Each structure stands twice: as structure tokens, then as C-alpha cells.
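Every chain is numbered from 1, with letters handed out A, B, ... down the list of sequences. Just so it is clear, the structure is predicted and the values come from calculations on it, not from any experiment.
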2 protein chains.
Amino acid sequence: MNSEPGRGDAFDPDCPTRVVLDRIGDKWTVLVIRSLEDGSLRFSELRARIGGVAPKVLTQTLRAMERDGLLTRTVHAQVPPRVDYELTALGASLTAPIATLTDWAETHLSRILAARESYDSAS
Amino acid sequence: MNSEPGRGDAFDPDCPTRVVLDRIGDKWTVLVIRSLEDGSLRFSELRARIGGVAPKVLTQTLRAMERDGLLTRTVHAQVPPRVDYELTALGASLTAPIATLTDWAETHLSRILAARESYDSAS
DNA sequence: CGGCATCCAACTGGATACTG
DNA sequence: CAGTATCCAGTTGGATGCCG
């Protein structure tokens with residue numbers, strides 16, 4: 001994959017880690033996944049559930065995830081229009097690693113915050 | 001933490017998930033952690049190991065990680081100067097969740113890439 | 001309702017040059 | 001050697017308004 005196999009190849013845009021990290025690091029992707037864990041939602045429901053996200057940005061996030069095969073977008077031909085978003089098996093399988101990360105975060109947050117405080121006060 | 005406990009609270013900057021995600025999603029943090037897994041390195045070694053990172057950016061990354069208690073920065077009073085960076089126990093404990101993510105990435109990359117191709121050709 | 005188009009402000013990452 | 005200072009380009013996230 002790179003001149004240093006097995007090592008830091010994440011500046012290669014096609015590196016698996018980079019691809020996933022770019023998506024995970026996105027501000028809204030993780031929120032969308034967690035919101036869809038219990039089943040499909042329509043656009044406005046997602047928007048309300050997540051809160052504070054502009055429609056354009058939510059659309060961007062959703063399209064990127066759809067492109068990566070993490071969720072499906074179903075347009076119902078009716079008036080008013082209705083569009084449902086649902087995790088694919090691939091998208092659902094991402095909940096596991098995310099949960100690992102979340103658990104770590106919750107467990108160690110106090111330590112991080114404490115480190116920050118002591119670092120800031122030492123400056 | 002939020003009006004919807006247990007749910008999407010990641011737009012709160014102090015949310016544990018958000019704090020960790022911001023760091024993980026950073027372009028270089030994961031590379032630094034992986035580079036330091038086998039022991040401490042000095043600034044120039046890190047730079048060479050990672051490749052393609054500007055000094056300023058590497059410094060920023062390192063400082064942010066030091067602030068969060070993920071690594072220690074040790075200045076040796078000698079000429080020429082020498083500064084060693086080493087993971088703390090906290091930083092080292094992050095390698096586990098990262099490995100989970102990396103494993104997922106490597107396992108599912110082909111599927112993601114395939115999804116992208118079919119999505120792009122359908123447009 | 002579910003967007004797309006437009007415009008925009010802020011932040012991020014980076015190239016380059018210089019210093020204790 | 002290990003940064004700092006400066007400047008800069010690209011991207012991200014967002015506000016607003018219009019449309020099928």
C-alpha cells in the first residue's frame with residue numbers, strides 16, 4: 001500500500017484507515033449512525049433528532065454515507081415527499097467499533113479533562 | 001449531558017464522544033500514536049517516520065496530544081537540543097479502540113470502495 | 001417535505017523562511 | 001535540532017432563499 005508496509009500509510013487517501021477515519025471524524029456521521037441504530041428515519045426526523053444541523057450539511061453527510069454503502073436512501077413517490085434513511089448491514093456493523101470508541105471516551109474523559117486543566121494552568 | 005440523555009449529544013463540545021472524535025478524526029494524531037507504539041521518538045524521528053507533515057502541523061498535533069495527557073514531552077538540556085515524545089498510559093490505552101477501527105477498516109474497505117464505484121457510475 | 005443553489009465565515013493544513 | 005513566525009489555499013460547516 002505504501003513504501004513502509006504495515007506502518008503509517010494514512011496519508012495515502014486510499015488507505016483503509018484514512019477512508020474510515022475521514023468518515024468517523026466527520027462532525028455528523030457518528031450522530032447519524034447512532035440515530036439510525038433503532039431503525040429507519042426520514043429526513044426531518046433525523047434533523048430533529050440530531051439538532052443544530054443545517055439541511056445542506058445533513059444532506060452532504062447522508063450522501064457521503066450513501067455513497068460509501070453505509071445507508072440506503074428510499075424516496076417514496078407521494079405528496080408531500082417522504083424520504084427514508086436506513087442503515088445497511090455495512091453501516092450497522094460500524095456501530096461496534098464506534099461503541100468501542102465511545103466506551104473508551106466515557107471511561108477516560110475525566111482524565112483527559114484533568115490533563116487539560118493542569119496543562120492550561122501551567123502555561 | 002443533554003436534553004436527550006444517552007442519545008446524540010455529540011454537538012456538545014464537552015461530550016466525551018465529541019472530545020475523542022475530534023482527536024481521532026485529526027489527520028495526524030492516529031499516525032503519531034501508531035508511530036509511538038514501540039517506544040519514544042524524538043521530533044525529527046517522528047517527522048521522518050510519518051512523512052509529509054510540516055513541522056508546524058506536527059507541533060500542533062503533538063501539543064494537542066500533550067494537553068490531553070496522551071503523551072509526554074521531555075526536553076533534554078543539551079546542544080543540539082533533543083526532545084523526546086512518549087505515549088502515556090492513557091495514550092497507550094487508546095491503541096486498543098484504534099486497532100478495532102483499523103481492523104474494521106481493513107475488513108470492509110473493499111465493500112466501501114465497491115459501493116462508491118457503483119454509486120458514482122449510477123450518476 | 002426534502003432538498004438544491006448561492007454565498008460566506010471560520011478553521012485546518014501546509015509551504016516557506018527564520019531563530020534559540 | 002526543534003521548533004516559531006508568517007502567510008496562504010483549500011475545505012468545512014453554515015445561513016438564507018428558492019423549487020419540485
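Linking Ile, Leu, Val, Met, Phe, Trp and Tyr residues whenever their side-chain heavy atoms come within less than 4.5 Å places A/Val75 and A/Leu62 in a single cluster.
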field: Check against side chain to side chain contact (heavy atoms under 4.5 Å, CB included), A/Trp28 and A/Met65
entry: CA-CA 11 Å; A/Trp28 304 107; A/Met65 295 175 69; over 6 Å; no
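To the nearest 0.5 angstrom, B/Leu94 atom CG is 10.5 Å from B/Glu37 atom CD. Note that CG of A/Leu71 and CZ of A/Arg73 are 10.5 Å apart. Values are rounded to the nearest 0.5 Å. Within the model, atoms CZ of B/Arg23 and CZ of B/Arg67 stand 7.5 Å from one another, a figure rounded to the nearest 0.5 Å.
Protein atom CD1 of A/Ile50 is 14 Å distant from nucleotide atom P of C/dG2, rounded to whole Å. Taking atom CG of B/Leu58 as the reference point, atom P of D/dA2 lies 11 Å away to the nearest angstrom. One can place CG of A/Leu41 at 16 Å from P of C/dC1, the figure rounded to the nearest angstrom. Atom-to-atom, CZ of A/Arg47 to C1' of C/dC1 comes out at 11 Å; the value is rounded to the nearest Å. The separation between B/Leu21 atom CG and D/dT12 atom C1' is 16 Å, rounded to whole Å. In this structure, CZ of B/Arg82 is placed 12 Å from C1' of D/dA2, rounded to the nearest angstrom. Computed from coordinates, the A/Arg63 CZ to C/dA5 P distance equals 11 Å when rounded to whole Å. Nucleotide D/dA2 holds its C1' atom 11 Å from the CG atom of B/Leu62, rounded to whole Å.
Shown here for B/Ser93 and B/Pro97, the closest heavy-atom pair between the two residues is O-CD, 3.3 Å.
Using a 4.5 Å heavy-atom threshold, the side chains of B/Val32 and B/Tyr85 count as separate. A/Arg116 places a side-chain heavy atom less than 4.5 Å from the side chain of B/Val19. By the 4.5 Å heavy-atom criterion applied to side chains, B/Leu36 and B/Leu46 are counted as neighbours. Residues A/Arg42 and A/Asp84 are in side-chain contact: their nearest non-hydrogen atoms beyond the backbone lie under 4.5 Å apart.
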Atom pairs, N/O to N/O, protein against nucleotides 9-16 of chain C, distance under 3.5 Å?
| residue | atom | partner | partner atom | Å |
| --- | --- | --- | --- | --- |
| C/dG14 | OP1 | B/Lys27 | NZ | 2.8 |
| C/dG14 | OP2 | B/Trp28 | NE1 | 2.7 |
| C/dG14 | N7 | B/Lys56 | NZ | 3.0 |
| C/dG14 | O6 | B/Lys56 | NZ | 2.1 |

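Residues from residues 67-78 of chain A with heavy atoms under 4.0 angstrom of DNA chain C, sorted by number: A/Arg73.
Listed nucleotides: D/dC1, D/dG20, D/dT4. Nearest to the side chain of B/Pro81: D/dC1.
A sub-4.0 Å separation between OP1 or OP2 of C/dG3 and a side-chain N or O of A/Thr59 is absent.
In the helix from C/dC1-D/dG20 to C/dG20-D/dC1, the terminal helix axes, each the rotation mapping four pairs' C1' atoms onto the next four within five end pairs, subtend 50°, rounded to 10°.
The closest donor-acceptor contact from the side chain of B/Thr95 to the backbone of B/Gly91 lies at 3.5 Å or more, if one exists at all.
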